[in-house]
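Contents: one structure, followed by commentary.
The structure displayed is predicted, hence computed values, not measured ones. Residue numbering restarts at 1 for every chain, and letters A, B, ... go by the order of the sequence lines.
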Protein chains: 2
Amino acid sequence: MTSSVRLPSRTNQVLSRHGIVAEVTALLDAGGEEALTVRALAERLSTGSGAIYYRVGPRSELLNAATETVVEDVLARPGRGVSPSQRIRDLALGLFDAVDEHPWLATQLVNQLTRRPWGAVTMGIFETIGSAVRSMGIPRPRWFDATATLVHFILGALSQNARTEPESSDPGAGPDRGEFLSSVSIAWRALDPDQFPFLHEIADDAAEHDDRQQFVRGISTILRGIEVASDAPTEQEQGASDA
Amino acid sequence: MTSSVRLPSRTNQVLSRHGIVAEVTALLDAGGEEALTVRALAERLSTGSGAIYYRVGPRSELLNAATETVVEDVLARPGRGVSPSQRIRDLALGLFDAVDEHPWLATQLVNQLTRRPWGAVTMGIFETIGSAVRSMGIPRPRWFDATATLVHFILGALSQNARTEPESSDPGAGPDRGEFLSSVSIAWRALDPDQFPFLHEIADDAAEHDDRQQFVRGISTILRGIEVASDAPTEQEQGASDA
DNA sequence: ACCTGAACACCGTTCAAGT
DNA sequence: ACCTGAACACCGTTCAAGT
């Protein structure tokens, strides 16, 4: 009678966490962070807002989950056999391209790195870069600084290159990166050369430069600085003009 | 009779833009970005919300104005006579300390740098660092890259060091940076050494390091990388493993 | 000119109620 | 267990109305 065979138990579940997160990503990709509202998400999933809280959690958790999914995909890429500096470049470029595809990711990456040191994203990025730094033959007391420097640069560069649409104002600056840069270039060239000599002179470079290439060169510059430092030990590089 | 002497014109103005922005900063300092609501601001100024829109603009403009005020104060500091690299360090540290005092500033700085290239903040920072880079004797084609690398690093480091309170979870992590770092250290040390060898080994450094010193050393590392590159011209540092 | 504050169109989140 | 969706406590912004 009560032979309870543990039937598939007539599951009422019709919503999966995975499916929700996929929809979150779609919403973010289409309209940026502001487009992610619990209501919009619920509607696209043909459900009530409560179901989302039940399956995933509050809005912040939706963002975390989407971020983790994207970043873990980047972190999972092989990277075996390549040199330490190449491994760093590969991860950095992987993240760069991920932000290119998902502009909302830059801000979320910063959030995770600063507020969730226990999270898979923070730990994965630090571990990958850190272990590569260690393999570079740098003296151990410098490992942490070198890793932090690389992570900070990557974070800043991703933030700046994330193609968030600029504040609508001035000339019709579309969400197109090329147009954007060329309008910046024009604005800078028009500056008073006495007040902004550098920007005025560099205006052309802003229009013509390639973000991705500049990013790679930045990584190279930092790696060079790290390697060179291994030879010249403790020079006096204290706290600048501290007053 | 109608000798209209242009009296002080019985001004009804009781609210100044300056006073509003000062109150915005106070609100942000006390409770972070989420504490800045138009309603809270209006109440502290004993006025209606409409008055704020009349004097300054929408909420985003309140944030911009507060950011500009703080950053322009940092940019205005002398910097005459000091060496180019010292000028860069001074500005970077000035921004670092400003973020320390105003944690909300980090995010706003990123916003301005990425979305308001015409703004005083973006232009001031790029001009100051760029002209210092130019004075360092670097070949002209490298000016833009070098400047961008420095700005990106500064941006990333400020973001990461901004003492935003972490997501409340896990051990009682207060808004105190020291406690925060030491709890991170404990968590990292507890990690499986097989899965996270680097983090496990570096755990102590995380607890003991000084953010500000690490920041300065990061700047030095990058400056070194930039200077060294001037000797070794166009090596092949293209696009990593582009597939 | 300058300010008021109610009204509008949204939010995220909760939770009794249903199945 | 899983989901619904009304209700609650907020938002930013606008704008007729006042002085």
Verdict with reasoning, Trp104(B) to Val99(B), per side chain to side chain contact (heavy atoms under 4.5 Å, CB included): CA-CA 7 Å; Trp104(B) 50 269; Val99(B) 167; over 6 Å; no
Intermediate values then yes/no, side chain to side chain contact (heavy atoms under 4.5 Å, CB included), Ile154(B) and Ile219(B): CA-CA 8 Å; Ile154(B) 291 169; Ile219(B) 297 274; 3.8 Å; yes
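The aromatic rings of His152(A) and Phe153(B) sit tilted, their planes meeting at an angle between 30° and 60°.
If you measure from atom CD1 of Ile52(A) to atom C1' of dC2(D), you get 14 Å, rounded to the nearest angstrom. In this structure, Tyr54(B) places its OH atom 13 Å from C1' of dT19(D), rounding to the nearest Å. The distance between atom CG of Leu45(A) and atom C1' of dC2(D), rounded to the nearest whole Å, is 15 Å.
The existence of a salt bridge linking Glu33(B) and Arg59(B) is confirmed by a sub-4.0 Å separation between a basic side-chain nitrogen and an acidic carboxylate oxygen. We find that Arg177(A) and Asp211(A) are joined by a salt bridge, their nearest charged nitrogen and carboxylate oxygen being less than 4.0 Å apart. Salt bridge status for Glu68(A) with Arg116(A): present, with a side-chain N to carboxylate O gap under 4.0 Å. Note on Arg212(A) versus Asp97(A): salt bridge recorded, some NZ/NE/NH1/NH2 to OD/OE distance being below 4.0 Å.
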DNA chain C base-pair string [pairs: Watson-Crick or G-U under 3.5 Å; |: paired with another strand]: ||.|||||...|||||.||
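Under the 3.5 Å distance criterion, the side-chain polar atoms of Ser131(A) are matched with a main-chain donor or acceptor of Glu127(A).
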Contact pattern, 5' to 3', of nucleotides 9-18 of chain D - B, S or - by protein heavy atom under 4.0 Å: --BBBBB---
